[in-house]
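In this chain, numbering begins with 1 at the start of the sequence shown. Read the numbers this way: they start at 1 and go in the same order the structure lists the ligands and their atoms. Everything quoted here is computed from the prediction, not taken from an experiment.
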Amino acid sequence: MKQSDLSNLVQPFHVMELVKHANALEAQGKPVIHLSIGEPDFPMPEPVQQALIKAVADNKTRYTAALGLPELREAISTYYRTAFQVTVPARQIVITSGASTALMYACLALINPGQEVMLADPGYPCNKTFVQMAGGIPRFVQTREENNFQPSWDELNQNWKPQTAGVLLASPNNPTGTQLSSSDMKEIVQEVAHRDGFTIVDEIYQSLCYDNTAQSVLQITGAPCAQWPLVVINSFSKYFGMTGLRLGWMVVPDALAPAIERLAQNLSICPNTPAQWAALACFQDDTLKICEQRRQIFKARRDFMMQSLPLAGIEIQSTPDSAFYIYAKAPFDSERYCKELLEKALVCAVPGKDFSEHRGTTMMRFSYANSMENLELAVERIRRFNSQT
Ligand SMILES: Cc1ncc(COP(=O)(O)O)c(C=O)c1O
């Protein structure tokens, strides 16, 4: 069968090969420790679990409106007001099947074939695919370690071309666990708007931050509008620990909402209905308390890893203050290092290849979405392995 050019363009996740290898070792009874995982190791918070069970028992399983359950859009609007002191009308909030679908809708609504979109390198591997699905061309902008691997407006400006449509950023970012400062964010969004471009800001790791209070670009701009041509992406996957429920949201300018609604109607009809009802429980005090306790646990793990990985022979120059990732220098070629670390020390961390065009072979990502006990064991194994190589 003849396949489309697009299907051939889509890259596999190289890391999955390593994870498959790790799983095979585990199947042989070998106690692999996973520092490869991009999701919280905690279960869904209990009140959300209960709300999900109730939604199914109450037969809340039919389609909802394409833009999502009005109650949930209102709840997110209230959350922006209470947690971030920013007014975002519910009509500008669209519920999606995870941040993934929100990113896809944003790209389909904003990019014309042949247009370029700037992406920070390193970054989330799927972003280039979302751009390509719209016929766009991803333009990777190399970032600097001393800037915490986040781009400056100068770096983006140097890459701006007549065919550039806009910029897609993540703050906090994956694989780096670092954020853009609000002054840099403001400059980027402002300058991109002056060039008649769009900015998409992925805030999926927003509330998993450890050194400062959580931030949103919306605190700088207010709700997206003609003056601030911005789309903000978020998700219930990470902070609320609901990866498998596939639920997220996007904040869009009023003018873009009809296009997003048509895309949603055609491409997915609506997001998962029971998950939407369950997500209402995310904003209850008891759930927020659980999420806050988990954030503190992640912070303690981050502190432990930042202290102990360098002592185990891993060089880290950036300051990961968010998400659950540390982006570090591999002691030698990152693909070979991660393979040997897995086979000889039974620690599965991931090479940089999926995340970066420029640093794929030199950098690697550690995830600390694992228990402190496992992290301590993993670091000791890494130390022993590094001292022998
Ligand atoms: C930066 C970033 N954006 C988006 C996603 C997709 O998340 P979701 O589960 O909400 O689709 C991920 C998942 O790891 C991510 O790291």
Side-chain angles (χ1 to χ4, degrees), residues 10-11 13-16 19 34-42 44 48 68 72 76 93-108 117 119-131 133 138 140 143 148-151 167-180 185 199-209 214-217 231-251 264 267-268 271-272 275-276 278-279 282 291 298 320-327 350 352 354-356 365-369:
V10 176
Q11 297 287 308
F13 269 139
H14 297 99
V15 52
M16 291 322 288
V19 173
H34 287 272
L35 303 184
S36 50
I37 299 175
E39 63 181 333
D41 50 314
F42 299 109
M44 190 160 73
V48 185
L72 186 55
I76 294 171
I93 297 167
V94 179
I95 314 297
T96 58
S97 304
S100 305
T101 300
L103 285 162
M104 183 176 74
Y105 291 168
C107 289
L108 290 173
V117 176
L119 308 173
D121 179 323
Y124 179 53
C126 306
N127 286 341
K128 61 176 174 305
T129 312
F130 298 126
V131 171
M133 281 185 70
F140 294 101
T143 57
N148 273 331
F149 300 105
Q150 288 283 3
V167 177
L168 197 174
L169 304 167
S171 182
N173 200 4
N174 173 7
T176 60
T178 62
Q179 307 190 52
L180 268 159
M185 179 70 89
T199 308
I200 301 172
V201 184
D202 180 351
E203 299 190 336
I204 185 170
Y205 295 100
Q206 177 176 63
S207 295
L208 287 171
C209 61
Q215 299 178 32
S216 171
V217 61
V231 172
V232 177
I233 308 287
N234 214 316
S235 177
F236 290 95
S237 287
K238 312 287 179 171
Y239 183 60
F240 295 109
M242 293 165 60
T243 43
L245 272 75
R246 311 305 307 126
L247 206 65
W249 73 87
M250 63 200 294
V251 183
L267 296 180
S268 52
N272 180 318
Q276 292 190 72
C282 287
C291 294
F298 275 125
D321 66 349
S322 31
F324 30 71
Y325 307 117
I326 294 172
Y327 192 55
V350 300
D354 288 325
F355 305 103
S356 173
R365 187 191 78 177
F366 294 93
S367 159
Y368 48 89

Enquirer: Is the closest N or O pair between Ser97 and ligand 1 shorter than 3.5 Å?
Expert: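 Ser97 vs ligand 1: no N/O contact under 3.5 Å.
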
Enquirer: Within the side chain of Thr178, is there an N or O that forms a donor-acceptor pair under 3.5 Å with the backbone of Asn148?
Expert: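 A pair under 3.5 Å: yes.
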
Enquirer: Taking all atoms of both residues into account, what is the closest heavy-atom pair of Gln206 and Ser216, and its distance?
Expert: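 Scanning both residues, the minimum pair turns out to be NE2-CB, 3.3 Å.
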
Enquirer: Between CG of Leu103 and CE of Met250, what distance do you get to the nearest 0.5 Å?
Expert: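 Interatomic distance, Leu103 CG to Met250 CE, rounded to 0.5 Å: 8.0 Å.
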
Enquirer: Record the part of Ser100 in heavy-atom contact with ligand 1 below 4.0 Å; permitted values are side chain, backbone, both and neither.
Expert: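 Near ligand 1, Ser100 shows its backbone as well as its side chain.
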
Enquirer: Give yes if a backbone or side-chain nitrogen or oxygen of Ser235 is under 3.5 Å from a nitrogen or oxygen of ligand 1, and no if not.
Expert: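 Yes - when backbone and side-chain N and O of Ser235 are compared with those of ligand 1, one distance drops under 3.5 Å.
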
Enquirer: Applying side chain to side chain contact (heavy atoms under 4.5 Å, CB included), run through Gln11 and Lys128 and close with a yes or a no.
Expert: CA-CA 9 Å; Gln11 297 287 308; Lys128 61 176 174 305; 3.7 Å; yes

Enquirer: Give the atom numbers and elements of ligand 1 that come within less than 4.0 Å of a heavy atom of Gly98.
Expert: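 The list of qualifying atoms is 10 (O), 11 (O).
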
Enquirer: With a 6.0 Å cut-off on the ring centroids, do Tyr325 and Tyr205 count as close?
Expert: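 Yes, they do, as the ring centres are separated by less than 6.0 Å.
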
Enquirer: With backbone taken as N, CA, C and O and side chain as the heavy atoms from C-beta onward, which portion of Ser237 lies under 4.0 Å from ligand 1: side chain, backbone, both, or neither?
Expert: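 Contact part for Ser237 vs ligand 1: side chain (C-beta onward).
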
Enquirer: Under a 4.0 angstrom heavy-atom cut-off, which atoms of ligand 1 come close to Arg246?
Expert: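 Under 4.0 Å from Arg246, ligand 1 has these atoms: 8 (P), 9 (O), 11 (O).
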
Enquirer: Ile204 near ligand 1, heavy-atom distance under 4.0 Å?
Expert: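 It does, in that a heavy atom of Ile204 comes within the 4.0 Å cut-off of ligand 1.
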
Enquirer: Can you pull out the closest protein heavy atom to atom 1 (C) of ligand 1? Residue, atom name and distance to 0.1 Å, please.
Expert: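 Residue, atom and distance for the closest contact: Asp202 OD2, 3.4 Å.
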
Enquirer: What closest approach, in Å, do Phe130 and Cys107 show between heavy atoms, and which atom pair accounts for it?
Expert: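 The answer is O-CB, 3.5 Å.
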
Enquirer: State yes or no: are the ring centers of Phe42 and Phe298 separated by less than 6.0 Å?
Expert: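 They qualify: ring centres under 6.0 Å apart.
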
Enquirer: What closest approach, in Å, do Thr143 and Gln150 show between heavy atoms, and which atom pair accounts for it?
Expert: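 That closest heavy-atom pairing would be CG2-C, 3.6 Å.
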
Enquirer: Work out whether the distance between some heavy atom of Glu39 and some atom of ligand 1 is less than 4.0 Å.
Expert: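 Under 4.0 Å: no for Glu39.
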
Enquirer: If we only count N/O pairs under 3.5 Å, is Ala99 in contact with ligand 1?
Expert: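 The answer is yes, given that Ala99 and ligand 1 share an N or O pair closer than 3.5 Å.
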
Enquirer: Looking at ligand 1, does any of its N/O atoms fall within less than 3.5 Å of an N/O of Lys238?
Expert: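 Yes; the residue has a nitrogen or oxygen that sits under 3.5 Å from a nitrogen or oxygen of the ligand.
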
Enquirer: What part of Tyr205 sits under 4.0 Å from ligand 1 if we count only heavy atoms: the side chain, the backbone, both or neither?
Expert: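 Only the side chain of Tyr205 comes within reach of ligand 1.
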
